[in-house]
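For reference, the structure is listed below as structure tokens.
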Number of protein chains: 2
Amino acid sequence: MTRDTPQQRRRQLPTTEELRIWRDFIETTEALRSVLTSRLQSESALSPGDYSVLLALSEARDERMRSSELAAHIRWDRSRLSHHLGRMEKRALIRRDDCATDNRGAEIVLTPTGAEAFHRATVPHLRAVRELFVDALTPDQLATTGEVAATLRAHLRSSRDM
Amino acid sequence: MTRDTPQQRRRQLPTTEELRIWRDFIETTEALRSVLTSRLQSESALSPGDYSVLLALSEARDERMRSSELAAHIRWDRSRLSHHLGRMEKRALIRRDDCATDNRGAEIVLTPTGAEAFHRATVPHLRAVRELFVDALTPDQLATTGEVAATLRAHLRSSRDM
DNA sequence: GGCACATAATTGACATGTCAACCAGATGGG
DNA sequence: CCCATCTGGTTGACATGTCAATTATGTGCC
């Protein structure tokens with residue numbers, strides 16, 4: 001057993017047990033993400049990024065959205081989105097149209113190919129989420145996990161604004 | 001309120017509420033990782049990858065470790081590790097020595113520069129973990145989070161082995 | 001010894017992410 | 001009208017991650 005240092009006892013640093021939980025938490029979410037990513041990849045040839053973009057577009061009015069709006073919606077910065085859209089456009093999953101009301105702007109449009117790929121991906125993906133996340137937990141655990149996520153998010157926001 | 005589809009009622013797919021929790025969970029862990037990463041970066045000029053490697057090496061006997069051992073320890077595949085070590089070696093954070101007992105092998109050695117960088121990084125990083133994760137949660141929530149992580153991990157392992 | 005096979009690690013090609021610099025079109029004040 | 005400034009979006013450079021192929025060495029078996 002490792003003894004906590006004096007600093008840790010004064011609670012400036014996590015205790016050994018807190019640190020163990022942290023590492024467990026972060027590694028587990030990493031592993032979960034990685035399994036879901038590889039399933040999505042092998043079942044639909046889509047990356048999680050592709051999936052987010054296609055999901056947002058397929059829920060958008062007319063299956064089209066201004067680029068910055070899309071970025072805000074999925075919480076990406078514009079540069080990341082622009083690079084990703086470039087790759088998706090090459091695969092014909094989306095198209096960039098000029099924007100009628102702002103000559104600088106771009107409208108990102110879901111193509112039939114993109115819509116088709118998204119529809120093929122969605123059920124298997126949701127099933128995987130169910131199998132690997134929802135079904136693994138008791139209803140209580142699931143509810144607490146939701147609360148924990150909300151709490152962490154609120155805490156993050158407040159510490160960012162300071 | 002969206003009504004769940006018949007499929008969802010038959011519990012093949014997550015319900016709307018379950019899906020909300022899932023998205024909240026995954027986005028929150030993403031946000032948390034990203035904030036911690038940028039703090040680590042700005043305080044120590046180290047990436048999370050650098051930190052993992054340096055942590056493992058600094059805990060290793062003689063501050064050195066065989067490459068595959070290191071990879072297994074931090075759960076990376078060897079290719080990823082090899083690329084990363086190449087970048088770290090350029091920055092003199094680690095060194096690759098030939099292995100005395102296996103001519104194919106490499107011993108990864110912590111350099112003084114690497115040790116110094118790690119020591120500068122560790123306290124601020126742990127403080128950030130405490131501030132952004134541990135302190136945000138009640139002791140109960142923290143304990144449950146640990147259990148959830150363990151449960152998810154076990155479930156993942158069992159579904160991978162099938 | 002020598003060959004089939006396993007193992008350690010690296011490499012190359014490519015997808016993804018971040019950051020800062022950039023370009024062009026809007027916009028508001030003089 | 002004109003310039004300063006803001007905004008929408010792209011680009012380039014580079015860090016990181018994944019996958020498959022490659023190189024070199026060890027190991028067991030005849």
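Remember, predicted model here, so these are calculated numbers, not experimental data. So you know, we letter chains A, B, ... as the sequences are listed, proteins then strands, and number each from 1.
Across the protein-nucleic acid pair, B:Glu89 atom CD and D:dA15 atom P stand 15 Å apart, rounded to whole Å. A:Arg39 places its CZ atom 19 Å from the C1' atom of D:dT18, with the value rounded to the nearest Å. If you take CZ of A:Arg91 and C1' of C:dT16, they are 11 Å apart, rounded to a whole angstrom. Rounded to a whole Å, the CG atom of B:Asp50 is 14 Å from the C1' atom of D:dG17. Between the CZ atom of A:Arg104 and the C1' atom of C:dG25 there is a distance of 5 Å, rounded to whole Å. Per the geometry, CG belonging to B:Leu85 stands 12 Å off P belonging to D:dG17, to the nearest Å. Between B:Gln41 atom CD and D:dT16 atom C1' there is a gap of 12 Å when expressed in whole angstrom units. Distance CD (B:Glu30) to P (C:dT16): 14 Å, rounded to an integer number of Å.
Residue-level contact check: A:Arg96 touches the backbone only, with heavy atoms under 4.0 Å from sugar-phosphate atoms and none from bases. Nucleic acid contact class of A:Ser67 (heavy atoms, under 4.0 Å, all strands): sugar-phosphate only.
Nearest-nucleotide positions on DNA chain C for A:Lys90 and B:Arg78 put B:Arg78 closer to the 5' end. With DNA chain D read from its 5' end, the first of the two nearest nucleotides for B:Gly49 and B:Asp102 is the one closest to B:Gly49.
Here B:Arg66 does not reach the OP1 or OP2 of C:dA8: none of its side-chain N or O atoms lies under 4.0 Å away. Look at A:Asn103 and you'll find a side-chain N or O under 4.0 angstrom from OP1 or OP2 of C:dA26. Between A:Ser47 and C:dT16 there is a side-chain N or O to OP1 or OP2 distance below 4.0 Å.
No side-chain donor-acceptor contact under 3.5 Å links A:Thr122 to the backbone of A:Phe118.
A donor-acceptor contact under 3.5 angstrom links the side chains of B:Thr28 and A:Arg153, judged on distance only.
Below 30°, between 30° and 60°, or above 60°: for B:Trp76 and B:His84 the angle between ring planes is above 60°, a perpendicular geometry. Using a 30° and 60° split on the angle between ring planes, B:Tyr51 and B:His125 fall in the tilted class, from 30° to 60°.
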Exercise for the section: Determine, step by step, whether A:Asp50 and A:Arg91 satisfy the salt bridge (Lys or Arg N to Asp or Glu O under 4.0 Å) criterion, reporting the C-alpha distance in whole Å, the side-chain angles of both residues, the deciding distance to 0.1 Å, and the verdict. Expected result: CA-CA 11 Å; A:Asp50 299 335; A:Arg91 298 190 287 151; 2.5 Å; yes
Each nucleotide N or O in nucleotides 19-22 of chain C that has a protein N or O under 3.5 Å away: list the pair and distance.
| unit_1 | atom_1 | unit_2 | atom_2 | d |
| --- | --- | --- | --- | --- |
| C:dC19 | N4 | A:Ser79 | OG | 2.4 |

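The shortest distance between side-chain heavy atoms of B:Arg95 and B:Leu110 does not fall below 4.5 Å. Between B:Gln12 and A:Arg130 there is no side-chain heavy-atom pair separated by less than 4.5 Å.
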